[in-house]
2 protein chains.
Amino acid sequence: MHSSLGTENSGTGTLGKALSVLEIVVSSDRPLRFIEILALSDQPRGTLHRHLAHLVEEGLLIQGRDLCYEPGLRLLKFAYRSWSKNQFRAVAAPHLSKLHEETGETVHLGVLRGTEIIYVDKVESRQTVRMGSQIGNASPVYCTGLGKAALSVLPQDRLAETLGKLTFHRFTANTHLSVAALKRDLDEARLRGYAFDREEHETEIRCVAAAIHDTRFDLVGGISVTGPAYRVTMEQLEIWAHAVRRAAMAISEDVEVRLGPGR
Amino acid sequence: MHSSLGTENSGTGTLGKALSVLEIVVSSDRPLRFIEILALSDQPRGTLHRHLAHLVEEGLLIQGRDLCYEPGLRLLKFAYRSWSKNQFRAVAAPHLSKLHEETGETVHLGVLRGTEIIYVDKVESRQTVRMGSQIGNASPVYCTGLGKAALSVLPQDRLAETLGKLTFHRFTANTHLSVAALKRDLDEARLRGYAFDREEHETEIRCVAAAIHDTRFDLVGGISVTGPAYRVTMEQLEIWAHAVRRAAMAISEDVEVRLGPGR
DNA sequence: CAGTCGGTTCCATTATGTGGAACTGACTCT
DNA sequence: AGAGTCAGTTCCACATAATGGAACCGACTG
């Protein structure tokens with residue numbers, strides 16, 4: 001019954017198909033032509049064309065001159081609203097700032113969704129080193145500090161379920177490629193109370209993360225401090241770990257208090 | 001053919017219906033129950049229920065405990081991307097800040113879409129007077145400074161078309177209620193080069209706005225300075241008008257230069 | 001002026017969405 | 001406790017809307 005989630009990815013019904021098209025356009029960092037979208041999607045020409053037409057008609061996409069598709073204005077509405085209303089983010093924000101001040105590096109707030117971590121907020125490092133992370137983006141759980149921190153606090157059954165759905169992809173030489181390896185890492189993280197990313201997702205990028213867990217709201221996520229390897233050694237991460245963990249616990253408390261009684 | 005836009009609002013096909021449901025939830029400032037959404041939508045129970053199920057499945061909505069629907073995390077992705085990528089906003093941002101510094105009041109950037117102005121960006125007044133405006137929100141053209149400024153630069157035919165689609169609603173004692181009255185106001189605005197909102201949308205709120213018009217990108221919009229009537233007299237608005245107009249023209253130029261050659 | 005390519009339109013087929021009605025379970029009123 | 005109401009969910013015959021292969025168009029290209 002419920003297990004009709006077999007096809008977890010890709011489009012559920014018409015809406016899903018349309019959204020997957022939208023996502024292609026939104027995820028690109030430049031306007032896309034019809035044929036480019038066609039290549040990226042797995043839909044036939046006619047179908048894709050109609051989806052695009054509908055998306056444009058709904059204002060989710062706009063079609064500039066030279067026939068390129070770009071994100072439309074109506075997205076702004078959804079965007080801004082969901083962003084500013086996200087209570088979790090609001091509660092966590094001051095803690096992120098504090099952590100950023102203490103470390104000077106980029107701080108992320110993320111939540112667990114299925115087998116991915118979704119970045120909900122970030123405070124950028126002052127130093128200009130670009131990282132791939134973008135708010136709203138998803139990264140796999142098994143190769144990110146946030147992901148591993150979040151997994152490490154999951155109850156047995158849910159952890160098993162999540163691990164079962166994983167498919168591994170080698171991002172770097174250090175990426176975990178088996179459930180067994182990941183499990184060992186998670187056990188360590190659980191004991192310590194924080195998790196590392198030892199260049200497992202991107203080379204030259206390390207991070208330390210701690211989990212935020214609220215059973216009341218079924219909220220599993222975490223915060224992390226991330227930086228380039230040349231500047232951020234593993235020793236440095238160990239030092240920051242306490243602060244990260246403290247901040248994570250402070251957020252957990254705040255969530256309980258601020259979002260709790262008022263429902 | 002093109003004029004099949006007759007039913008400009010509400011859902012085009014399945015996607016449109018689903019989006020209108022999404023919009024109801026996103027527009028609300030608190031989580032909604034099924035029955036509340038039912039009341040706000042014009043869809044039958046079964047249909048609505050399925051739409052909600054799909055939206056949840058797609059991650060656009062989440063259903064917290066107590067069965068309330070809230071904006072989902074996936075919106076953040078669409079949100080953030082389209083927001084940060086919006087070139088127009090990026091080009092205009094510094095001018096908005098400057099204008100804000102000169103006036104101390106709230107500055108808005110908006111674009112025309114159909115018969116509405118959509119707020120694309122804003123710089124809040126330092127003083128804490130809440131206004132209804134929210135980024136991504138739409139307001140009618142006929143009772144906002146931005147709307148009237150934008151209309152005033154429209155070519156004859158397109159103006160006529162837009163005016164034809166208007167339906168008036170009395171927001172305040174000063175709201176224009178006829179095309180004729182609105183036209184007179186537009187003529188004045190066109191001559192002056194800027195438009196006012198004399199408490200026509202909200203009582204105690206006045207604004208002055210100037211249009212931004214780029215035929216190359218088919219971009220019609222404007223910027224405005226808005227403030228509470230007790231602080232912002234019509235005389236004051238007249239004084240600011242020049243600065244607003246100057247900023248609008250500067251943005252137009254920047255749009256031309258920065259978005260032009262690079263396609 | 002053939003040939004290719006990107007974009008758009010058509011239309012018979014069929015999958016999908018539709019929505020009225022019936023079902024469930026929680027809560028209230030008497 | 002039992003009747004009544006209400007929110008939420010499920011069901012299913014029906015009709016609409018999506019599907020996608022194929023043909024079409026127009027602009028470049030050689």
Side-chain angles (χ1 to χ4, degrees), chain A residues 1-25 28 30-70 72 218 263, chain B residues 1-25 28 30-70 72 218 263:
Chain A
M1 323 258 163
H2 281 171
S3 57
S4 65
L5 300 174
T7 326
E8 227 271 318
N9 292 344
S10 76
T12 306
T14 310
L15 177 64
K17 308 256 186 71
L19 286 176
S20 75
V21 174
L22 178 62
E23 185 139 1
I24 288 172
V25 177
S28 157
R30 71 193 161 80
L32 291 179
R33 308 277 294 281
F34 176 83
I35 203 163
E36 300 179 283
I37 303 172
L38 180 61
L40 291 170
S41 82
D42 47 1
Q43 304 185 14
R45 293 167 85 84
T47 305
L48 177 63
H49 192 264
R50 185 169 26 75
H51 275 148
L52 286 168
H54 283 167
L55 289 168
V56 168
E57 198 164 354
E58 290 298 330
L60 300 182
L61 291 180
I62 51 177
Q63 196 176 15
R65 79 248 62 264
D66 69 6
L67 302 177
C68 276
Y69 292 92
E70 308 176 51
D218 189 28
R263 272 222 151 176
Chain B
M1 318 261 163
H2 281 170
S3 57
S4 66
L5 301 172
T7 326
E8 228 272 318
N9 292 343
S10 76
T12 307
T14 310
L15 177 63
K17 308 255 186 73
L19 286 176
S20 75
V21 174
L22 179 60
E23 185 139 0
I24 288 172
V25 177
S28 157
R30 71 192 160 81
L32 292 179
R33 307 277 295 278
F34 176 83
I35 204 165
E36 299 178 284
I37 303 171
L38 180 60
L40 290 170
S41 84
D42 48 0
Q43 304 185 17
R45 295 166 84 83
T47 303
L48 178 64
H49 192 265
R50 184 171 27 73
H51 275 148
L52 287 168
H54 283 167
L55 288 167
V56 168
E57 200 165 352
E58 290 299 330
L60 300 182
L61 291 180
I62 50 176
Q63 197 176 16
R65 80 243 66 264
D66 71 6
L67 303 177
C68 276
Y69 292 91
E70 306 175 54
D218 190 30
R263 275 225 149 174

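The chains referred to below are lettered A, B, ... by the order of the sequence lines, with proteins before strands, and numbering in each begins at 1. Worth saying up front: this structure is predicted, and the values here are computed from it rather than measured.
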- Task: Please state how far atom CD in Glu58(B) lies from atom P in dT16(C), giving the value in whole angstrom units.
- Result: 14 Å
- Query: Who are the salt bridge (Lys or Arg N to Asp or Glu O under 4.0 Å) partners of Glu36(B), not counting sequence neighbours?
  - Reply: Arg30(B)
- Query: Between dC5(C) atom P and Glu36(A) atom CD, what is the distance in whole Å?
  - Reply: 16 Å
- Query: Roughly how bent is the helix from dC1(C)-dG30(D) to dT30(C)-dA1(D) end to end, in steps of 10 degrees, with each end axis from five pairs?
  - Reply: 30°
- Any chance you could measure Glu58(B), atom CD, to Lys17(A), atom NZ, to the nearest 0.5 Å? 10.5 Å
- Nearest 0.5 Å please: distance from the CG atom of Leu22(B) over to the CG atom of Leu15(A). 9.0 Å
Sort me out a list of protein N/O and nucleotides 17-23 of chain C N/O pairs below 3.5 Å, or just none if empty.
residue, atom, partner, partner atom, Å
dG17(C), OP1, Thr14(A), N, 2.9
dG17(C), OP1, Thr14(A), OG1, 3.1
dT18(C), OP1, Lys17(B), NZ, 3.2
dT18(C), OP2, Arg50(B), NH1, 2.9
dT18(C), OP2, Arg50(B), NH2, 3.1
dT18(C), OP2, His51(B), NE2, 3.1
dG19(C), OP2, Thr47(B), OG1, 3.3

- Message: Ile62(B): which residues meet the side chain to side chain contact (heavy atoms under 4.5 Å, CB included) condition with it, sequence neighbours left out?
- Response: Glu70(B)
- Could you tell me which residues satisfy side chain to side chain contact (heavy atoms under 4.5 Å, CB included) with Thr14(B), sequence neighbours excluded, listed by chain and number? His51(B)
- Item | Heavy-atom check, side chain of Leu60(B) versus side chain of Leu19(A), under 4.5 Å | yes
- Task: Could you pull out all residues at least two apart from Arg45(A) that satisfy side chain to side chain contact (heavy atoms under 4.5 Å, CB included)?
- Result: Leu38(A)
- Query: dT8(C) C1' sits how many Å from Leu38(A) CG, rounded?
  - Reply: 13 Å
- Query: Can you name the residues that form a ring pair (Phe, Tyr, Trp, His ring centres under 6.0 Å) with His54(B), not counting sequence neighbours?
  - Reply: none
- Query: Nearest 0.5 Å, what's the SG-CG distance between Cys68(B) and Leu61(B)?
  - Reply: 12.0 Å
- Enter the distance from Leu67(B):CG to Leu32(B):CG here, rounded to the nearest 0.5 Å. 13.0 Å
- Give me the first and last nucleotide of DNA chain D, going 5' to 3', that has any atom under 4.0 Å from a heavy atom of chain B. dA7(D) to dA18(D)
- Just how far, in rounded Å, is P of dA26(C) from CZ of Phe34(B)? 18 Å
- Query: Rounded to whole angstrom units, what separation is found between the CD1 atom of Ile35(B) and the P atom of dA26(C)?
  - Reply: 17 Å
- Going from OH on Tyr69(A) to CG on Leu52(A), what distance comes out if it is rounded to the nearest 0.5 angstrom? 4.5 Å
